[in-house]
2 protein chains.
Amino acid sequence: MRPLLHPSLDDIPPEAILHALADPDRAAMFIKIMTDGCVGACSALSSLGDRVIPKSSLSNHFKVLREAGLIRSERHGVEVRNHPRCKEVEARYPGLLEGIINAYAAAGRAPAATVVEE
Amino acid sequence: MRPLLHPSLDDIPPEAILHALADPDRAAMFIKIMTDGCVGACSALSSLGDRVIPKSSLSNHFKVLREAGLIRSERHGVEVRNHPRCKEVEARYPGLLEGIINAYAAAGRAPAATVVEE
DNA sequence: GCACTAGTTCCAGATTCCCGAACCATGGGA
DNA sequence: TCCCATGGTTCGGGAATCTGGAACTAGTGC
């Protein structure tokens with residue numbers, strides 16, 4: 001089990017964030033992590049509409065979000081807790097997250113949410 | 001030669017725009033179209049840094065941008081002119097384009113530019 | 001008609017994505 | 001202590017997507 005990577009926002013190019021959030025499932029996961037403040041991986045499973053996302057896909061989605069600097073994952077015993085890194089992203093790319101989250105909200109796929117709070 | 005498609009912004013989900021701009025080449029192309037106001041496909045070829053992008057790839061990139069509602073392409077004789085659809089995008093997804101363009105600018109990959117002007 | 005330019009389409013190889021199966025790590029019981 | 005359940009990761013292979021060269025089309029001028 002290799003350790004969880006958390007690159008600095010300085011090392012993350014814009015396209016990594018765009019690519020991570022260009023997938024509706026990942027975007028939904030991230031929005032949930034953002035609004036809830038903290039989410040365990042499997043807890044997210046049940047909540048993404050009625051579709052069931054396989055564990056391996058979920059795990060991979062979390063990895064993509066993590067390596068795009070969007071979330072921070074910590075192992076707590078047997079489970080992993082995921083926290084948003086909104087403030088850091090906002091500091092590096094002001095307005096980016098807000099624009100994206102609002103876009104999903106405008107498309108009726110996310111609750112309208114204040115972005116920068118963690 | 002099939003006709004050029006220009007879907008309404010209402011039919012374009014946020015992920016299509018994110019996906020289109022998640023590619024650095026496409027983003028550079030779009031930023032050039034945006035700042036210049038209008039760009040022919042082959043003119044963009046020479047200007048993307050020192051790398052040479054094959055015509056077929058360019059053509060495909062333009063198609064992706066077009067189908068993401070980001071540009072409007074018109075045939076004028078032998079050449080195609082591409083115009084940005086910033087206003088429409090902004091109306092549908094406020095702040096999205098600005099966030100993305102500023103992010104590329106913050107990463108030193110685009111000139112800082114005012115977004116909504118066409 | 002012919003040649004030239006601008007761009008598109010086709011297709012095959014490379015790359016990436018998806019997800020089931022197998023695996024690992026931790027925290028309880030019995 | 002040994003086992004098992006839980007929560008997650010890794011592996012591997014088929015599907016889907018991306019890339020770019022070659023061939024093609026469409027317009028323009030001679």
Side-chain angles (χ1 to χ4, degrees), chain A residues 1-6 13 15-30 32-33 36 38-68 71-83, chain B residues 1-6 13 15-30 32-33 36 38-68 71-83:
Chain A
M1 198 95 48
R2 52 194 79 145
L4 302 170
L5 288 180
H6 292 101
E15 59 263 33
I17 295 178
L18 295 179
H19 173 253
L21 295 179
D23 181 293
D25 289 341
R26 276 198 297 264
M29 289 166 65
F30 177 66
K32 180 150 186 57
I33 292 173
D36 291 11
C38 166
V39 147
C42 272
S43 345
L45 193 149
S46 53
S47 58
L48 247 58
D50 41 5
R51 288 183 36 242
V52 174
I53 302 178
K55 281 206 301 180
S56 56
S57 304
L58 262 188
S59 181
N60 187 56
H61 283 330
F62 276 109
K63 185 179 170 209
V64 172
L65 290 173
R66 195 160 53 235
E67 296 182 351
I71 61 174
R72 184 178 302 281
S73 310
E74 293 164 6
R75 296 191 208 278
H76 281 257
V78 73
E79 73 175 10
V80 172
R81 293 192 203 142
N82 298 284
H83 304 267
Chain B
M1 200 88 56
R2 51 194 82 144
L4 302 170
L5 288 180
H6 293 100
E15 59 264 32
I17 295 178
L18 295 179
H19 173 253
L21 295 179
D23 181 292
D25 288 342
R26 275 197 296 265
M29 289 166 65
F30 177 66
K32 180 150 187 56
I33 292 173
D36 291 11
C38 167
V39 146
C42 272
S43 347
L45 193 150
S46 52
S47 58
L48 247 59
D50 41 5
R51 287 182 38 242
V52 174
I53 301 177
K55 282 205 302 179
S56 57
S57 303
L58 263 187
S59 181
N60 187 56
H61 283 330
F62 276 109
K63 184 178 170 211
V64 172
L65 290 173
R66 196 162 51 235
E67 294 181 355
I71 61 173
R72 185 178 302 281
S73 310
E74 293 164 7
R75 296 191 206 278
H76 281 259
V78 73
E79 72 175 11
V80 173
R81 294 193 202 140
N82 298 284
H83 303 266

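Every chain is numbered from 1, with letters handed out A, B, ... down the list of sequences.
- Look at R81(B) and E79(B) and you find a salt bridge, because one of the NZ, NE, NH1 or NH2 atoms lies within 4.0 Å of a carboxylate O, short of that distance.
- Regarding N82(A), its CG atom lies at a distance of 11 Å from the C1' atom of dG8(D), rounded to whole Å.
- Residue H61(A) places none of its side-chain N or O atoms closer than 4.0 Å to OP1 or OP2 of dT9(D).
- Residue K55(B) places its side chain closer to dG7(C) than to any other of dG20(D), dT9(D), dG7(C).
- Between N60(B) atom CG and dA16(D) atom P there is a gap of 18 Å when expressed in whole angstrom units.
- Here the P atom of nucleotide dC17(C) and the CG atom of D25(A) are 14 Å apart, to the nearest Å.
- In this structure, I53(A) atom CD1 and dG20(C) atom C1' are separated by 15 Å, rounded to whole Å.
- Checked options I33(B), L5(B), V80(B); the residue passing with S73(B) is V80(B) (criterion: side chain to side chain contact (heavy atoms under 4.5 Å, CB included)).
- Closest to the side chain of S57(A), from the set dT8(C), dG27(D), dC19(C), is dC19(C).
- Residue H76(A) is out of contact with every strand shown, counting any heavy-atom pair closer than 4.0 Å.
- Here the side chain of S56(B) is nearest to one of dG8(D), dT9(C), dT8(C), namely dT9(C).
- For L21(B) against L18(A), the heavy-atom pair with the smallest separation is O-CD1, 3.3 Å.
- Comparing dC19(C), dG8(D), dT8(C) by their nearest atom to the side chain of V80(A) picks out dG8(D).
- For D23(A) and G77(A), each mapped to the nucleotide of DNA chain C holding its nearest heavy atom, the one lying further toward the 5' end belongs to D23(A).
- Atom CZ in R81(A) sits about 19 Å away from atom P in dT6(D), given to the nearest Å.
- The two residues H19(A) and R26(A) come nearest to each other via the heavy atoms O-NH2, 3.3 Å.
- Separation of atoms CG (D36(A)) and CG (N82(A)) is listed at 11.5 Å; rounding is to 0.5 Å.
- With rounding to whole Å, K63(A) atom NZ is found 10 Å from dC17(C) atom P.
- Phosphate contact (OP1/OP2 of dT8(C), side-chain N/O of S59(B), threshold under 4.0 Å): present.
- Distance CG (L4(B)) to C1' (dT9(C)): 14 Å, rounded to an integer number of Å.
- Of the candidate nucleotides dT28(D), dG21(D), dA25(C), dA25(C) has the atom nearest to the side chain of V78(A).
- Of the candidates dG8(D), dC17(C), dC10(C), the closest approach to any side-chain atom of H19(A) belongs to dC17(C).
- Distance CZ (R75(B)) to P (dA26(D)): 10 Å, rounded to an integer number of Å.
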